[in-house]
Each structure stands twice: as C-alpha cells, then as structure tokens.
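Heads up, the thing below is written out as structure tokens.
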Amino acid sequence: MKSRLRGLLLEALAGARQGGELSSNEIPSFVVEVPREEGHGDLASNVAMTLARVERKGPQVIAAILQRRLGDAGGRLARVEVAGGGFLNVTFAAEAWRERLLEILAAGDGYGTSLVGAGKRVQVEFCSANPTGPLHIGHGRGAATGDAIARVLEAAGYGVDREYYINDAGGQIETLGSSVLARYLVLCGIDEPFPENGYPAEYVTDLAREVLERDGQRWVGVERKDAVEALGREAADKLLDVIRSDLAAFGVRFDRFTSERDLQRSGRVEAALEELEQRGHLYVNDGARFMRSSAFGDDKDRAVVKSDGGLTYFASDICYHREKLLAGYDRIIDVWGADHHGYIGRMRASIAALGMEPERLRVVLVQMVSLSRDGAPVRMGKRTGEFVTLRDVLDEVGCDLARFFFLSRKSDAHLDFDLELARRQTAENPVFYIQYAYTRIAGIFRQAAEKGIEAPVPSSAVMAALGQPEELALVRLLAEFPEIVEGAAESLEPHRVVVYAQKVAGDFHRYYARHRCVSGDVATTGARLLLVRAVGQVIGRALALVGVGAPERM
RNA sequence: GCGCCCGUAGCUCAGUCGGAUAGAGCACCGGCCUUCUAAGCCGGUGGCCGCUGGUUCGAGUCCAGCCGGGCGCACCA
C-alpha cells in the first residue's frame, strides 16, 4: 500500500508540474509511513515538506496542490487531508483494504516472502564455537541470531547457505589434549599436574575416563607431544558431536561444516598466503611473516606465520574468507561474538589486499549474555570450568522461550538472561502472548468446525462484511509484513520480526476481546474467519522466521 | 591511552529513511469470565530519551565534546 501511495503521489506531482502549479523538476526523497497517531489516516507523507525549499512555497500550499491532484484516485482513497506541518494524511477506502486482505489470503504461507534478494547468493557463517566444550548460552544467542538471519534472508529472496567454521587447529585444541592427558594420567594413578590454562571442566575428566576404559594404560608411555595431539583431536571430534546434537536440539541446522585443520592440511592456506606474497602484501619481521594490513585500513600489521613456522588463526581465516568469496557468494555474513569486534578491521583489510571488495563481507556482532539466577549473576567461562550450557537452558526453559529471548532484542545490545525469571514468569512471557494469539485463532476455527461452519471462499462479496475500524486496522498492520521482513533482511536485524509479531498479537487480542468471530450472523462470521485466518498466517510465519513454534493448543 | 558497542518509565527493552502528543512487557493500583482458551481485555500510576552544544521547518534518531557501563587493543583462537 505504501508503494501504491508513493506511486499516486508521484503521479500527482507530475500532474502539478505539467499544469504549471509546481516548477521544480527534482524528484524529492520523501517518506510514506504509517502514522503513529490514530487520527492521522492510514498512511502519511512528508512530500510537501521536503519540496518546500526548492519550490519556495509553504509546505501547506504544496500539500494542498497535491491534495487536489490526488482526488480520490479512482475511488481508492476515502480521504486526503493536509495536516499541521504540511503532512498529507491519506485514508484508503475500506474497499482497498478488503482487496489487500484478499491478496494476503491468496498468497497463503508465501505471504511475507519477497524478491528483493533477487536470488543473490549469501552465506551466513555463525555459531562456530571452538570444539573445546559444549555450547554455552552465549553460543546459543549466536546460533539463534545467525539462524534467524538466514531464515529472514531466505524469506527476502536470497539464496542462503549456512556454515559452521570449526576452529580445530592451533593452541586451544592442544590445550584440550593436554587437559585430557593430565586427567587420564591421574586416573592411571600417576601424579600429573593439571596444565595452568587447561580446561578444568567435568566433561574433560569424562573424556579421559572413556580413553582409559577403552585403551587402558596405553598412553602412559607415549611421547607427550604425540599423546596430546591424538587425544586433543579425538576430544575435539567428540565435542563437535556434542555441539552438533546441541544445535539439533535447538533446531539449528547447517549446510556445511568447514574444518580449519582440513584447510591447513590441504595446503590451501599457503596458497592464499602465496597470493598475498605475489601482490606484495607480506613481509618478514623477527622471523615471523606479517601482512601489511595497515595499508588497507587496519590499525596495524598482523602476523600470518609465527616465528616457529606455525600458521596463525588469521592466516586460516584469510584463506577461508577468500574461498568463500571465490565460491561466488555475492555477500558473506559473519556472526561473531562482540569480543571479536577488533578482528573486523584485519578481515576487511585482507579481502582488500586480495583485490576484492571488503563490502561483500558483513559482520554481525552478538553481544555477551550475562546469565543470572534470581538476580544473582552466574559466572561463566570455559577457563573456570563453571558455565551454563545451552543444553541446560533448553532443559530448563525450552527451545521456544530461549530463542525468543535471544531474538527479542538487538544483537549488539547486552542481554541479561535470568533463568529463574524466565521460568517463573512463564505465564506472562511475551513469547506466550504471541503464541497464545495463534492458539486462540486455532480455537476459533475449532469452534466454527463444531458448529459446522466453514470459512467461505475469499471474495470481494464476502469481505464486504468487514468494516469495523479494528478490522481495517488489522489488515493495515498485516499489509506491513513484507516490508518488515525486507527490513529485517537488509539490516540483518531479525528482532524486528519479533517486535512486529508482538504488535500483531496485541491488535488481535484486543479485537478478539471486542468482537465475536463465530456468531449467528453468517456473513459476518465468514468474513471474520477469513480475517482471522490471515492474522494467524502472519503470526505463524513471523514466529517461523525466528524459529519459534506456533502451537494449535496451549 | 586508542577503537567498537550500549545509555529511553522502578526493572527488562522496542522505537524503520530524522516526522506530528516517545511505546511494550514486568512491577504497582482499580475493573472485566452464562458466550470462540482470562497465558487475555479495559482503565490508572510512572519519562531531564546520560549531559552540553551543533545541524534544520522538525532530533530519542544525524554531528562534535563530555560522563557512565561493557568489550577489545597477541607471533591466542
């Protein structure tokens, strides 16, 4: 409807110019929006205000000209008013909204999807937790966010691949291996100190016990370095399996897992470095090789090969991002923990250094989750061994609630997750408010079915029974859904969908309380069933976009 | 010290490309179940949009400076 009105306004503008009422030729940038205030019509535009300067006329005068030119636009407009500052407040004829409702129903579950993505290929890399332990709650937020971004992009017409990058090379896996080894040796009765930076958590001991049960004392005499490597790899593989099952429990799926270890062993990292070398962006200092990232906007140069000859994490990441871009993705999106924000500069620099456009990478930062229980903070961190896993949270509050909680705020804002509160306030939680709207609609249809009433085939004639202001307002809100999805996709902000769903649920609950759907009046009942079906359709879709279920009963 | 993020009601947070009288949930007070699920609805209380200046017809939104909180500033990942 917005674009429809925009078109009408542009027509009116062109007409006024031809008629000599307006002189400028500029196409102004103006806004068509849903006004906050009830009495300001269905849609409002500031077009007259933005024209005031070039036309050297008062906004009110210009607005009046456009008002006259708009007329009733072939019966589609019920009212066009010039308001205080020069706003044009437009009210569509009820008929126009009923037609819109027919379109929404006809689109069915496809309503809300759009083609703005134009089939462009996008890759979303998210979660990507190191396989050194089960997913904790912070990973959960990243997983929920990345997954919802992927869903929203798909709905907006992008071709999306979801990817998990496994950091299974380097120091952390070594630390994991030595942690397992230390626990194992102690289990064997050998007095072995636990590594200073090791992972002290219980699951490490469990892994060591598994090794002991299977291999007995076999690792006692093995060269330390070999044992650490073998046990580290095995532990990482097992922990990755745990992560995969955690993700499955959370309803998150990936198209591909890429292993850093594989990347390094294949020689592709060296190949990427070789390209940088040839482009003249590497140099040696103190026995280590650096990339001249400062030449591409980074704060300083970054090491790619350590003085001991080992590859840095950054080197693998250069290779990884290079391959993603070469694979033909129009855009790649990285969802990172906010503590990695300092990494963005060097990543962009490396893309530029390889001769590609850094704008093709977009990084979404997900802020920390501080967990509390009854107001008391719960300390977390793999290093302390004390943390609340995603699995714990799912067991305690459930998948829907956890997802909803993660996605109801902007990802770059800190999130305080109080487990006790989430559980105790279960009844008043916004997620149930939205789901309950869906459930009520299902209830209406159950009620109708019991009375042998079926929703009629949608048609203009049937819709004529809709005329209550709340009914037209609901349609007006439903009409916004596609642009909400587009906005969420473009800005990579899935929480917009949640906020919108809350509004739809709220308007529906108010409507439900005021107007009875299934009544003795056949015409009204039929029309309202269709309206309510459209509401349920939109709420169901919105919830699906953030990975939250829409229950028929609660 | 430098960089990034955040600062909106007692609490947790929305607020789209700068638009008209800044919203929601929780909490608190008072109403509404003979009728499609009261996990709901209606009404009320509650605001220096961190502070100061700037940009303009108009600023919670943009710019600068400051204050407060978080996170970074590795040849770790």
Side-chain angles (χ1 to χ4, degrees), chain A residues 29-31 33-37 39-40 44-46 49-50 52-53 58-59 83-87 89 130 132 167 169-173 175 197 260 285-290 299-300 302-314 316-317 337-345 365 367-368 370 375 408-410 412-416 418 421 425-433 435-437 439-448 450-451 480 483-484 487-488 490-491 493 495-496 498-500 502-503 505-506 509-514 516-519 525 528-529 532 553-554:
Chain A
S29 72
F30 62 94
V31 171
E33 64 185 353
V34 178
R36 199 155 40 194
E37 209 62 34
H40 292 163
S45 178
N46 64 348
M49 292 138 99
T50 61
R53 179 172 297 189
F87 277 101
N89 292 338
N130 295 352
T132 53
N167 295 133
Q172 298 208 4
I173 302 301
T175 304
N197 293 322
E260 185 189 2
N285 187 32
D286 286 341
R289 300 179 83 190
F290 284 79
D299 301 333
K300 53 173 107 168
R302 309 290 177 176
V304 290
V305 183
K306 298 182 263 187
S307 49
D308 68 2
L311 294 166
T312 64
Y313 171 81
F314 181 44
S316 308
D317 236 359
D339 53 337
H340 286 63
H341 71 256
Y343 208 77
I344 298 173
L365 295 177
Q367 272 291 356
M368 321 265 102
S370 50
S408 52
R409 318 144 148 59
K410 277 185 299 215
D412 58 2
H414 295 254
L415 176 62
D416 184 42
D418 192 306
L421 221 62
Q425 291 186 347
T426 267
E428 288 87 28
N429 201 292
V431 69
F432 297 116
Y433 184 80
Q435 289 182 320
Y436 185 46
T439 300
R440 275 185 151 174
I441 290 166
I444 290 169
F445 277 92
R446 279 194 295 271
Q447 175 74 16
E450 272 175 35
K451 296 189 173 174
E480 288 183 58
E483 70 194 63
I484 296 293
E490 291 305 311
S491 62
E493 292 179 346
H495 78 278
R496 293 187 189 193
V498 173
V499 173
Y500 171 75
Q502 257 169 303
K503 191 151 191 315
H509 282 310
R510 275 184 286 282
Y511 175 67
Y512 179 93
R514 192 165 297 173
R516 204 183 155 75
C517 216
V518 181
S519 67
T525 299
R528 288 182 175 174
L529 283 176
V532 152
R553 293 174 195 272
M554 286 173 76

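Here is the naming used below: chain letters follow the sequence lines, and residue numbers restart at 1 for every chain. All figures in this text were calculated on a predicted structure; none of them were measured in a lab. FYI, side chains are in, hydrogens and waters are out, and symmetry mates aren't considered; it's all heavy atoms of this structure.
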For this session: Verify the stacking flag for A/F87 against B/A20: centroid separation must be under 5.5 angstrom and the ring planes must differ by under 30 degrees.
Result: yes
Exercise. Side chain of A/Y433: nearest nucleotide among B/C42, B/G40, B/C36?
Worked result: B/G40
Exercise. When the C1' atoms of B/C41 and B/U35 are considered, how many whole Å apart are they?
Worked result: 15 Å
Exercise. Any donor-acceptor pair under 3.5 Å linking the side chain of A/N429 with the backbone of A/V431?
Worked result: yes
Problem set entry | side-chain hydrogen bond (donor to acceptor under 3.5 Å, both in side chains) assessment of A/R302 paired with A/Y343 | CA-CA 10 Å; A/R302 309 290 177 176; A/Y343 208 77; over 6 Å; no
Problem set entry | Shortest side-chain distance from A/F432, nucleotide among B/A20, B/A39, B/G69 | B/A39
Seminar exercise, completed: Interatomic distance, CD@A/E493 vs CD1@A/I484, rounded to 0.5 Å, equals 11.5 Å
Seminar exercise, completed: Of the candidates B/A39, B/A20, B/U12, the side chain of A/D416 sits closest to B/U12
For this session: Look at the side chain of A/H340 against the base of B/G72 and say whether a donor-acceptor pair falls under 3.5 Å; ignore hydrogens and angles.
Result: no
Exercise. In whole Å, what separates the P atom of B/G50 from that of B/G7?
Worked result: 8 Å
For this session: Looking at every strand, decide which applies to A/R553 at a 4.0 Å heavy-atom threshold: base, sugar-phosphate, or nothing.
Result: base
Exercise. With a non-hydrogen cut-off below 4.0 angstrom, is A/E450 in contact with a base, only sugar-phosphate, or nothing?
Worked result: nothing
Exercise. Roughly how many Å is it from CG in A/D308 to P in B/A74, rounded to a whole number?
Worked result: 18 Å
Problem set entry | Nearest-nucleotide comparison on RNA chain B, the residue closer to the 5′ end among A/D412 and A/Q502 | A/D412
Exercise. Hey, does A/A288 reach any base, or is it just sugar-phosphate, or nothing, if we go heavy atoms under 4.0 Å?
Worked result: base
Exercise. Checking all strands, does A/Y343 fall into the base, sugar-phosphate, or nothing category for heavy-atom contacts under 4.0 angstrom?
Worked result: base
Exercise. Within the structure shown, what part of the strands sits under 4.0 Å from A/G487 by heavy-atom distance: base, sugar-phosphate, or nothing?
Worked result: nothing
For this session: Under the side chain to side chain contact (heavy atoms under 4.5 Å, CB included) rule, what do A/V305 and A/L311 come out as? Steps first, then yes or no, please.
Result: CA-CA 5 Å; A/V305 183; A/L311 294 166; 4.2 Å; yes
Exercise. Under 4.0 angstrom, heavy atoms only, what part of the nucleic acid is A/E33 near: base, sugar-phosphate, or nothing?
Worked result: sugar-phosphate
Exercise. Has A/K410 got a side-chain N or O lying under 4.0 Å from the OP1 or OP2 atom of B/G15?
Worked result: yes
Problem set entry | Shortest non-hydrogen contact from A/Y433 toward A/G506 | OH-CA, 3.0 Å
Exercise. With sugar-phosphate meaning primed atoms plus P, OP1 and OP2, does A/D299 contact a base, only sugar-phosphate, or nothing at under 4.0 Å between heavy atoms?
Worked result: nothing
Exercise. Expressed in angstrom and rounded to an integer, what is the separation of A/K503 atom NZ from B/G23 atom P?
Worked result: 12 Å
For this session: May I ask you to verify whether the side chain of A/N46 and the base of B/G19 hold a donor-acceptor pair under 3.5 Å?
Result: yes
Problem set entry | Runs of at least three consecutive pairs that involve RNA chain B, where pairs are Watson-Crick or G-U with distances under 3.5 Å | B:1-7 with B:67-73, B:10-13 with B:23-26, B:28-32 with B:40-44, B:50-54 with B:62-66
Exercise. Can you tell me how far P in B/G23 sits from the matching atom in B/G30, rounded to whole Å?
Worked result: 26 Å
Exercise. Taking O4'-C1'-N9-C4 for purines and O4'-C1'-N1-C2 for pyrimidines, is B/C33 syn (within 90° of 0) or anti?
Worked result: syn
Exercise. To the nearest angstrom, how far is A/D339 atom CG from B/C73 atom P?
Worked result: 9 Å
Problem set entry | Nucleotide of B/C36, B/G15, B/G40 approaching A/R440 most closely (side-chain heavy atoms) | B/G40
Exercise. With rounding to whole Å, what would you report as the distance between B/U52 and B/G10 at their C1' atoms?
Worked result: 27 Å
For this session: Search all heavy atoms of A/F30 against all heavy atoms of A/S45 and return the closest pair with its distance.
Result: CD1-OG, 3.4 Å
Seminar exercise, completed: Nearest heavy-atom approach of A/E260 to A/S316 is OE2-OG, 2.9 Å
For this session: Compare the minimum distances between each of B/C5, B/A77, B/C75 and the side chain of A/F290, then state the nucleotide with the smallest one.
Result: B/C75
Problem set entry | Whole-angstrom distance between B/G47 and B/G60, as gauged at atom C1' | 11 Å
Exercise. To the side chain of A/H341, which of B/C41, B/C4, B/G25 is closest?
Worked result: B/C4
For this session: Rounded to the nearest angstrom, tell me the gap between atom CZ in A/R510 and atom C1' in B/G40.
Result: 11 Å
For this session: Hey, which sits more toward the 5' end of RNA chain B by its nearest nucleotide, A/L415 or A/R302?
Result: A/L415
Exercise. What's the CG-P distance between A/D286 and B/A74, to the nearest Å?
Worked result: 15 Å
Exercise. Passes side chain to side chain contact (heavy atoms under 4.5 Å, CB included), A/I344 versus A/L365? Steps please.
Worked result: CA-CA 10 Å; A/I344 298 173; A/L365 295 177; 4.2 Å; yes
Problem set entry | Of the listed nucleotides B/U12, B/C36, B/U16, the one nearest the side chain of A/R516 | B/C36
Exercise. How is A/A44 classified with respect to the nucleic acid when contacts are heavy atoms under 4.0 Å: base, sugar-phosphate, or nothing?
Worked result: base
Problem set entry | Nucleotide nearest A/V518 when distance is taken to its side chain, options B/A20, B/C75, B/C36 | B/C36
Problem set entry | Pair A/H40-A/F87, side chain to side chain contact (heavy atoms under 4.5 Å, CB included): steps then yes or no | CA-CA 9 Å; A/H40 292 163; A/F87 277 101; over 6 Å; no
Exercise. Nearest to the side chain of A/R36 - B/A20, B/G72, B/A14?
Worked result: B/A20
Exercise. With a 4.0 Å cut-off on heavy atoms, is A/K300 in touch with a base, just the backbone sugar-phosphate, or nothing at all?
Worked result: sugar-phosphate
Exercise. P atom, B/C5 versus B/G40: distance in rounded Å?
Worked result: 37 Å
Exercise. Which is true for A/A448 with a 4.0 Å heavy-atom rule: it touches a base, it touches only sugar-phosphate, or it touches nothing?
Worked result: nothing
Exercise. P atom, B/C17 versus B/C75: distance in rounded Å?
Worked result: 38 Å
Exercise. Which pair of non-hydrogen atoms, one from A/C517 and one from A/R528, has the smallest distance, and what is that distance?
Worked result: SG-CB, 3.5 Å
Problem set entry | A/Q172 vs A/N167 side-chain heavy atoms within contact, under 4.5 Å | no
For this session: Compare the minimum distances between each of B/A39, B/C36, B/A20 and the side chain of A/M554, then state the nucleotide with the smallest one.
Result: B/A39
Exercise. Expressed as a whole number of Å, how far does the C1' atom of B/U8 sit from that of B/C49?
Worked result: 4 Å
Exercise. Counting only side-chain N and O atoms of A/H509, is one of them less than 4.0 Å from OP1 or OP2 of B/A39?
Worked result: no
For this session: Tell me what A/Y512 touches on the nucleic acid: a base, only sugar-phosphate, or nothing, going by heavy atoms under 4.0 Å.
Result: base
Problem set entry | Length of the line joining A/R409:CZ and B/U12:P, which is rounded to integer Å | 10 Å
Problem set entry | A/R514 CZ - B/C32 C1' separation (whole Å) | 13 Å
Seminar exercise, completed: Between the CZ atom in A/R440 and the CD atom in A/Q447, the distance rounded to the nearest 0.5 Å is 13.5 Å
Exercise. Is a donor-acceptor pair below 3.5 Å formed from side chain A/D317 to base B/A77, judging by atom type as modelled?
Worked result: no
